[in-house]
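Note that the structure is a prediction, hence the values are computed from the model and not measured. Every chain is numbered from 1, with letters handed out A, B, ... down the list of sequences.
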There are 2 protein chains.
Amino acid sequence: MDQLHLRMDSLSPHQHFYAGEFRHSIDEKNRITVPSRWRRDEAEEFILLPEANHLFLLVMSPEEFGGMSSAVESNQAVSAHDRRIFLRHLHSRAQHGIADRQGRLVLPEELCRKIGLKDEVALVGGRGRFEIWNLHRWKRAHEEETPTYQHVANVIGL
Amino acid sequence: MDQLHLRMDSLSPHQHFYAGEFRHSIDEKNRITVPSRWRRDEAEEFILLPEANHLFLLVMSPEEFGGMSSAVESNQAVSAHDRRIFLRHLHSRAQHGIADRQGRLVLPEELCRKIGLKDEVALVGGRGRFEIWNLHRWKRAHEEETPTYQHVANVIGL
DNA sequence: CCCACTTGACCCCACTTTTAACCACTTCTC
DNA sequence: GAGAAGTGGTTAAAAGTGGGGTCAAGTGGG
């Protein structure tokens, strides 16, 4: 199983970097502006992937997602059965998202409800992907619960 | 035969994937609308392949099916006899399906009955193909499998 | 063997709902 | 102060859905 971890970490060497943390508001139509520094071209396309227990929303490029998918698919450390199940979950949880010309991403209603994205949210940079958190939850995880965050971070490999 | 499964999982040389899970209704004429994001071009042609024990219906492009077929054919890990049997099953189970101009796919009556596709169904994305499930069965399967997903997900770092 | 009738597939039209494109204004940054 | 970034709201287009009409293939009877 450790090989899987290694594989995911090393998959896209050319990966785009999203640096920093932004606090934006999400409007009544569940739109959120992607920070201008994180945009690459107009009419940008993203894949939205809620974290397993709806702690935050992962946002990445389709290429990144494709790489993730094929990394799982070709990983021989896990049984074929488990890979099938996992791939099904991965793809079924993922959603398409397209930014408008103002650089805003429209998030599905259901996703926002489950993750608790309303009013103020935090956009947290990462490698190849960034995360959208409920602001209060982010503050808690980041500032107050640093050890727990550290632990999660280690698992995630940030 | 397990090697064959392995092989089928790892083919898809092209990167096209269907992201997300849609809950649509199937009408009285057994028509189901393919989500617009999943459509490639007008008058689209699909291959319908019921899963071995009628758990769900696999839908894919003819090219994908061709690739699947030839991958089985050229797999040297399985005896020629087994390959012949498997190929015969594969081709006998497969059916043609064409979408109308509204993007709806008409499913054969018998297939719907066997798989239990009526009223509400779930369209589950995948790599190079998507699946059509009876909604209740999908919910059950999805929830039951979650622990396994959690396990793998933690390792991968989602 | 041909004709009439039945059945079912397919195509198109009309309506409803959802989505995304666009415009205008405010705020922030340099 | 100017330009870029972010926000709010309206409008137009596309997606989804239901139903009806038409044509073709299949079937049975004369």
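- An OP1 or OP2 oxygen of dG16(D) is reached within less than 4.0 angstrom by a side-chain nitrogen or oxygen of Arg39(B).
- The existence of a salt bridge linking Glu109(B) and Arg113(B) is excluded, since no basic side-chain nitrogen approaches an acidic carboxylate oxygen closer than 4.0 Å.
- A salt bridge between Arg129(B) and Glu131(B) is absent, with no side-chain N of the basic residue lying under 4.0 Å from a carboxylate O of the acidic one.
- In this model, the phosphate group of dA20(C) is approached by a side-chain N or O of Arg37(B) to a distance below 4.0 Å at OP1 or OP2.
- Atom P of nucleotide dT7(D) and atom CG of Leu105(A) are separated by 13 Å, given to the nearest angstrom.
- At whole-Å resolution of the value, CD1 in Ile26(A) and P in dG6(D) are 15 Å apart.
- Below the 3.5 angstrom threshold, one finds no donor paired with an acceptor across the side chain of Arg31(A) and the base of dG6(D).
- Between Val106(B) and Gln102(A), the residue anchored nearer the 5' end of DNA chain C, judged by the nucleotide with its closest heavy atom, is Val106(B).
- Taking the nucleotide of DNA chain D with the nearest heavy atom to each of Asp27(A) and Arg23(B), the more 5' of the two is matched to Asp27(A).
- Applying the ring pair (Phe, Tyr, Trp, His ring centres under 6.0 Å) test between Phe130(B) and each of Trp38(B), Phe22(B), Phe17(B) identifies Trp38(B) as the sole match.
- The shortest side-chain heavy-atom distance between Asp119(A) and Ser25(A) does not fall under the 4.5 Å cut-off.
- Mapping Pro35(A) and His24(B) onto DNA chain D by nearest heavy atom places Pro35(A) closer to the 5' end of the strand.
- Atoms CG (Asn30(A)) and P (dA20(C)) sit 13 Å apart, rounded to a whole Å.
- Following rounding to the nearest Å, Phe22(A) (CZ) and dA5(D) (P) show an atom-to-atom distance of 11 Å.
- Between the base of dT10(D) and the side chain of Lys29(A) there is a donor-acceptor pair shorter than 3.5 Å.
- Comparing atom distances between the Ser36(B) side chain and each of dG9(D), dA24(C), dA15(D) picks out dA15(D) as nearest.
- Note: CG (Asp100(A)) to P (dA24(C)) measures 16 Å, nearest angstrom.
- Under the Watson-Crick or G-U wobble criterion, with both distances below 3.5 Å, dC30(C) is paired with dG1(D).
- Taking the six-membered ring where tryptophan is involved, the planes of Trp138(B) and His142(B) are tilted, since the angle between them lies from 30° to 60°.
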